[in-house]
Engineer: 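After the structure tokens below, expect a handful of questions from me.
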Protein chains: 2
Amino acid sequence: MAPSQTPGSNSLKRRGLMFVLSSPSGAGKTTIARRLLAEDDEIAMSVSVTTRPMRPGEVEGRDYQFADRARFDAMVEANEFLEWAEVFGNCYGTPKAQIKAGLREGQDFLFDIDWQGTQQLYQRMETDVVRVFLLPPSIEELEQRLRGRGTDSEEVIEGRMARAKAEISHWDGYDYVVINDDVEACFGKVRAILDAERLRRARQTGLVDFARNLMR
Amino acid sequence: MAPSQTPGSNSLKRRGLMFVLSSPSGAGKTTIARRLLAEDDEIAMSVSVTTRPMRPGEVEGRDYQFADRARFDAMVEANEFLEWAEVFGNCYGTPKAQIKAGLREGQDFLFDIDWQGTQQLYQRMETDVVRVFLLPPSIEELEQRLRGRGTDSEEVIEGRMARAKAEISHWDGYDYVVINDDVEACFGKVRAILDAERLRRARQTGLVDFARNLMR
């Protein structure tokens with residue numbers, strides 16, 4: 001890994017972390033996640049295993065690891081996932097080995113998962129997981145975002161609102177909560193959380209030798 | 001309190017925090033602390049009670065609360081301090097009532113104390129305390145800073161180095177460790193830690209109502 005140039009890192013060897021961003025849809029999570037990945041080369045999206053068919057433009061090993069259902073089920077059986085879920089008939093899972101190896105090398109991983117995935121990750125990797133929840137600034141703003149281009153039926157929109165509210169109800173299972181009332185300010189806050197968490201003593205594995213040298 | 005304009009705050013009601021900066025002398029802590037106090041109006045120095053005589057220019061209640069030894073001892077007896085210490089024959093203590101009232105109103109407090117004071121604070125106020133330790137970039141740099149203007153005897157300098165190393169040995173009792181190799185970068189890191197800690201779910205007491213409104 002290149003030595004860190006980001007404000008939140010000392011240049012010492014450190015253990016990576018698992019940065020979870022959750023939010024109801026319509027709270028702007030995707031924008032924040034993309035920008036973090038674009039601006040920070042110490043964090044990467046974890047590559048999930050999925051049973052859904054490959055779409056045009058997708059690359060095996062970059063977007064997903066594609067697997068058939070039998071292979072996926074075997075991985076579940078062998079306890080090879082940190083978390084997995086079935087969504088609309090397709091399975092998605094986070095492979096344990098890849099993450100564990102990355103963390104040891106100081107690689108951070110970004111997870112765009114819901115509260116259930118977050119719970120699974122936290123149960124297995126507790127101290128490596130940093131859980132951030134984004135909230136919309138108001139219910140009116142949320143509804144406006146979920147209405148989108150205004151071409152959907154009231155029923156569809158009501159369904160989206162109900163799902164968003166169900167997701168919001170899990171805000172208290174997170175370490176940090178950020179209200180996205182302004183994308184620039186929200187990004188600054190998420191950035192500060194990541195920077196600070198990298199400076200946690202317990203993650204900076206290089207500190208033992210560094211402090212010993214200062215006291216020699 | 002004015003609504004927050006700092007990047008690390010949502011505008012919701014929140015509980016204040018106790019931000020502890022410790023370091024060996026010569027690691028640049030005073031510069032960082034002064035700048036934080038100057039740039040951020042949600043954090044203030046906690047005003048200690050002391051038995052040492054008032055110096056010219058000092059103001060009662062702003063710099064210290066001045067007390068005689070009998071009064072100080074009575075406060076210790078009555079358990080009115082969050083932490084206290086005797087240094088070169090003078091006593092210094094952090095009055096509990098003032099801090100507790102401030103925290104409830106969302107006031108953050110900065111503490112420039114050593115590892116023993118930090119331990120005392122942490123034992124009493126655990127979840128409100130954020131412990132940050134600053135380290136110099138190298139032993140050579142530390143020695144250069146402790147030599148100062150070069151007018152002190154080798155014996156004096158050796159004494160300072162020994163005290164600095166003794167302080168450094170407590171780095172592992174802190175939540176965050178920042179290496180001060182560049183004052184600008186170091187300030188950015190300390191700033192990120194404060195910003196992030198303000199966003200912790202558990203401190204944002206206004207979130208319960210805010211989330212309830214989103215789900216109404």
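Every chain is numbered from 1 and lettered A, B, ... according to where its sequence line falls, protein lines coming before strand lines. All figures in this text were calculated on a predicted structure; none of them were measured in a lab.
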Engineer: Distance alone, cut at 3.5 Å: any donor-acceptor contact between the side chains of Y174(A) and R201(B)?
Structural biologist: no
Engineer: Search all heavy atoms of Q204(B) against all heavy atoms of V177(A) and return the closest pair with its distance.
Structural biologist: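 For Q204(B) versus V177(A), the nearest heavy atoms are NE2-O, 2.8 Å.
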Engineer: Indicate the atoms forming the closest heavy-atom contact of Y176(B) with A196(A), along with that distance.
Structural biologist: CE2-O, 3.2 Å
Engineer: Which region of F210(B), side chain (C-beta onward) or backbone (N, CA, C, O), has a non-hydrogen atom less than 4.5 Å from a non-hydrogen atom of chain A, or is it both or neither?
Structural biologist: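 Just its side chain gets close to chain A.
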Engineer: Using a cut-off of under 4.5 Å on heavy-atom pairs, state which of I193(A), V208(A), L207(A), L135(A) scores highest against chain B.
Structural biologist: L207(A)
Engineer: Given a strict heavy-atom distance threshold of 4.5 Å, which part of D175(A) is in contact with chain B: side chain, backbone, both, or neither?
Structural biologist: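 Looking at D175(A), backbone and side chain both touch chain B.
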Engineer: Return the CD to CG distance between E140(A) and L214(B), rounded to the nearest 0.5 Å.
Structural biologist: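 Going from the CD atom of E140(A) to the CG atom of L214(B) covers 9.0 Å.
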Engineer: Just by modelled atom types, is the L199(B) backbone N or O under 3.5 Å from a matching donor or acceptor in the K189(A) side chain?
Structural biologist: no
Engineer: When heavy-atom pairs shorter than 4.5 Å are enumerated against chain A, which of V190(B), I179(B), I139(B) gives the highest number?
Structural biologist: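 Maximum pair count with chain A is reached by I179(B).
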Engineer: Heavy-atom distance under 4.5 Å to chain B: side chain of L142(A), backbone, both or neither?
Structural biologist: neither
Engineer: Would you say CZ of R35(A) has more than 12 non-hydrogen atoms from neighbouring residues, nucleotides or ligands within 6.0 angstrom?
Structural biologist: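 Yes.
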Engineer: Relative to chain B, which segment of R203(A) carries a heavy atom at a distance below 4.5 Å: side chain, backbone, both, or neither?
Structural biologist: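 Neither part.
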Engineer: What are the two closest non-hydrogen atoms of K165(A) and M215(B), and how far apart are they?
Structural biologist: O-SD, 3.6 Å
Engineer: Tell me, for P136(A) versus chain B, whether the close heavy atoms (under 4.5 Å) come from the side chain, the backbone, both or neither.
Structural biologist: both
Engineer: Using a 4.5 angstrom heavy-atom cutoff, name the option from R216(B), M161(B), E141(B) with the most pairs to chain A.
Structural biologist: R216(B)
Engineer: Is chain A contacted by the side chain of E184(B), its backbone, both, or neither, given a heavy-atom distance below 4.5 Å?
Structural biologist: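 Neither the backbone nor the side chain of E184(B) comes within 4.5 Å of chain A.
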Engineer: If I measure from the heavy atoms of chain A, does R131(B) come under 4.5 Å with its side chain, its backbone, both, or neither?
Structural biologist: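 No part of it gets close to chain A.
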